[in-house]
Engineer: 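I'd like to ask you about the structure that follows.
Proteins come first, then strands; the chains are lettered A, B, ... in the order of their sequence lines, and each starts at number 1.
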2 protein chains.
Amino acid sequence: MTEEDRVSAEIALLWGLRDTTRRGRKPALSVPDIIRAAVEVADAEGLGAVSMARVAKQLGNSTMALYRHVSSKEDLLKLMSDAALEDPPEMPADIGWRDGLALWASSVLVALRKHPWYARIPLAGPPIGPQNLAWFDCALGALADTPLEEAEKVGVVMGLLTFVHGEMRLTVELAESFRNNPEAFGRAYSRALRLLVDPRKMPALGRVVEAGVFDFDTLYDEREVEADFGFGLNLYLDGVAAYLARRT
Amino acid sequence: MTEEDRVSAEIALLWGLRDTTRRGRKPALSVPDIIRAAVEVADAEGLGAVSMARVAKQLGNSTMALYRHVSSKEDLLKLMSDAALEDPPEMPADIGWRDGLALWASSVLVALRKHPWYARIPLAGPPIGPQNLAWFDCALGALADTPLEEAEKVGVVMGLLTFVHGEMRLTVELAESFRNNPEAFGRAYSRALRLLVDPRKMPALGRVVEAGVFDFDTLYDEREVEADFGFGLNLYLDGVAAYLARRT
DNA sequence: GCTAAAGAGCGTAGCTCATACGCAGTTAAT
DNA sequence: ATTAACTGCGTATGAGCTACGCTCTTTAGC
């Protein structure tokens, strides 16, 4: 607990480093309880359902009681965001950088499937929460056996992180809009494109439409989305491989 | 206007295809006016300041008048989202796929600098607005001279889009949190990491911290962020190059 | 033991927001 | 002239965040 003075209150909260004096009423609520309740609500009813009142109800407490432990809703979201990541995957000892990074990326998406609201919580700064750092370490670990400088490893992981964040956004938001409005992904989509895309103004897109690339009963297919992700991810990893080859 | 029946009301709104009867009071407000006002507010005061009341005030009208033209705030956000993209870059005729895609990606970020709130508006489906399609066409056009199938071009562009969306998220959200709380990006960050990262539990991250990778006065630097983006982007484009080479 | 400081739970109330509903005024088709 | 269609907007409802302050509990310090 001596460490608490040395880091900001926010970080102390993330790491559970509150220095507890013995005075005062025994707390009936704890920060981990609150986080757990908020995560339950978000999992069951979506991030939109997470209100201070709803989380308090989940705990059987009053709304305002939460504010003794969390300074604002924004603060609670930060805590949820770190908790949502759960634990990074175990890396097999001899997996190699490429399979390691691929495993890492797909593990992020697996974690996301349990807590899709993770992708909607705004980033609040560089990674500092315990789970965030554990995942960061895990990705860096995959590059441990490469001859890259430490800063280069960070660069490679940041690029992967960027890619994965983009994938999270597309996955989560398209999945949600598919649930709300599946017609937008069906035949009506390619029909609309054929009507709206003027091949003189948008020749390249016109050719794609004409070639029937969008002529499916639904463009949104869990498997399809994952395959597309794998395609893009492999292109990135090919790039990393080329960089490594150039570097040695 | 005959096309209006063939596409959904939402799409008609995006493309300005409302069929106007001549009856009734002359509208004092138009959808483009409303979008323009909303964009002004978002540019000046952030997306958080965009409320129906605030946009109406910008136009000198009452709040509820807006609802004659847009069906909900969500609807207005969709319209803003398409408008924010403005026009895609002019592609020099002989630019080549690689420089073309790089130009495209950096143009997205230039557009984003004018309207950073773009990255916060949830995706509402596959691209269908006029500006969205124009940008889509532009990226596909960069691949026109490659021997790829149309579907493969879409895959490459989707991968790039994923990467760029990730970059948008990181750029915008980190920039915002830097404004709110610059200390989180300064020396305090590496100090916190040195305290919190146990090298036994997180060996790879421990080495990175130890190597001083985070020892800068500020980790958030416009130039630095852009350089990192360029690094990741180049890795992806190297991957595309390898794919093309394999393919021919 | 007594006292008071520190801490915890929570009721009230104020503020901002989205938006349903309905009225009143306006214009053009008939 | 009549009326259907359409616009602007005032009112009101309900949800949400959270400042403030009261009350009760626990224990440190004497």
Engineer: B:R187 and side chain to side chain donor-acceptor pair (under 3.5 Å): which single residue from B:T218, B:D217, B:D215 fits?
Structural biologist: B:D217
Engineer: To the nearest Å, give me how far apart CG (A:N61) and P (D:dC24) are.
Structural biologist: 18 Å
Engineer: C:dC10 P sits how many Å from A:Y67 OH, rounded?
Structural biologist: 15 Å
Engineer: I'd like to know if B:E226 pairs up with B:R113 as an ion pair, taking the criterion as any Lys NZ or Arg NE/NH1/NH2 lying under 4.0 Å from an Asp or Glu carboxylate oxygen.
Structural biologist: yes
Engineer: Expressed in angstrom and rounded to an integer, what is the separation of A:M64 atom CE from D:dT23 atom P?
Structural biologist: 17 Å
Engineer: Could you check whether A:F229 and A:F163 have their ring centres less than 6.0 Å apart?
Structural biologist: yes
Engineer: Between B:R120 (side chain) and B:V172 (backbone), is there a donor-acceptor pair under 3.5 Å?
Structural biologist: no
Engineer: Identify, residue by residue, the members of residues 68-76 of chain B with a heavy atom below 4.0 Å from DNA chain D, and return them in order of residue number, or none.
Structural biologist: B:R68, B:H69
Engineer: Please assess B:R169 against A:E173 for the test salt bridge (charged side-chain N to carboxylate O under 4.0 Å, His left out), listing each intermediate value before the final yes or no.
Structural biologist: CA-CA 13 Å; B:R169 175 175 184 175; A:E173 294 184 3; over 6 Å; no
Engineer: Is a side-chain N or O of A:W135 found less than 3.5 angstrom from the main chain of A:L85, in a donor-acceptor match?
Structural biologist: yes
Engineer: Given atom CZ of A:R54 and atom C1' of D:dG14, what is their separation to the nearest angstrom?
Structural biologist: 18 Å
Engineer: Kindly write out the residues that satisfy ring pair (Phe, Tyr, Trp, His ring centres under 6.0 Å) with B:F136, not counting sequence neighbours, or none if the list is empty.
Structural biologist: none
Engineer: May I ask you to list the residues of residues 23-44 of chain A, by number, that have any heavy atom positioned under 4.0 Å from an atom of DNA chain D?
Structural biologist: A:R23, A:G24, A:R25, A:K26
Engineer: Need the bend value for the helix from C:dG1-D:dC30 to C:dT30-D:dA1: angle between end axes, 5 pairs each end, nearest 10°.
Structural biologist: 10°
Engineer: B:E45 CD to C:dC17 P: how many Å, rounded?
Structural biologist: 11 Å
Engineer: Check ring pair (Phe, Tyr, Trp, His ring centres under 6.0 Å) between A:Y189 and all other residues, then give those that pass, not counting sequence neighbours.
Structural biologist: A:F214
Engineer: Take atom NZ of B:K57 and atom P of C:dC17, then tell me their distance rounded to the nearest Å.
Structural biologist: 10 Å
Engineer: List for me each residue that meets ring pair (Phe, Tyr, Trp, His ring centres under 6.0 Å) alongside B:H115, sequence neighbours excluded, and say none if there are none.
Structural biologist: B:W117
Engineer: Flag yes if more than 12 heavy atoms outside A:E86 fall under 6.0 Å of its CD atom; otherwise flag no.
Structural biologist: yes
Engineer: If we ignore hydrogens and angles and just use 3.5 Å, is the side chain of B:N61 paired with the main-chain N or O of B:L66 as donor and acceptor?
Structural biologist: no
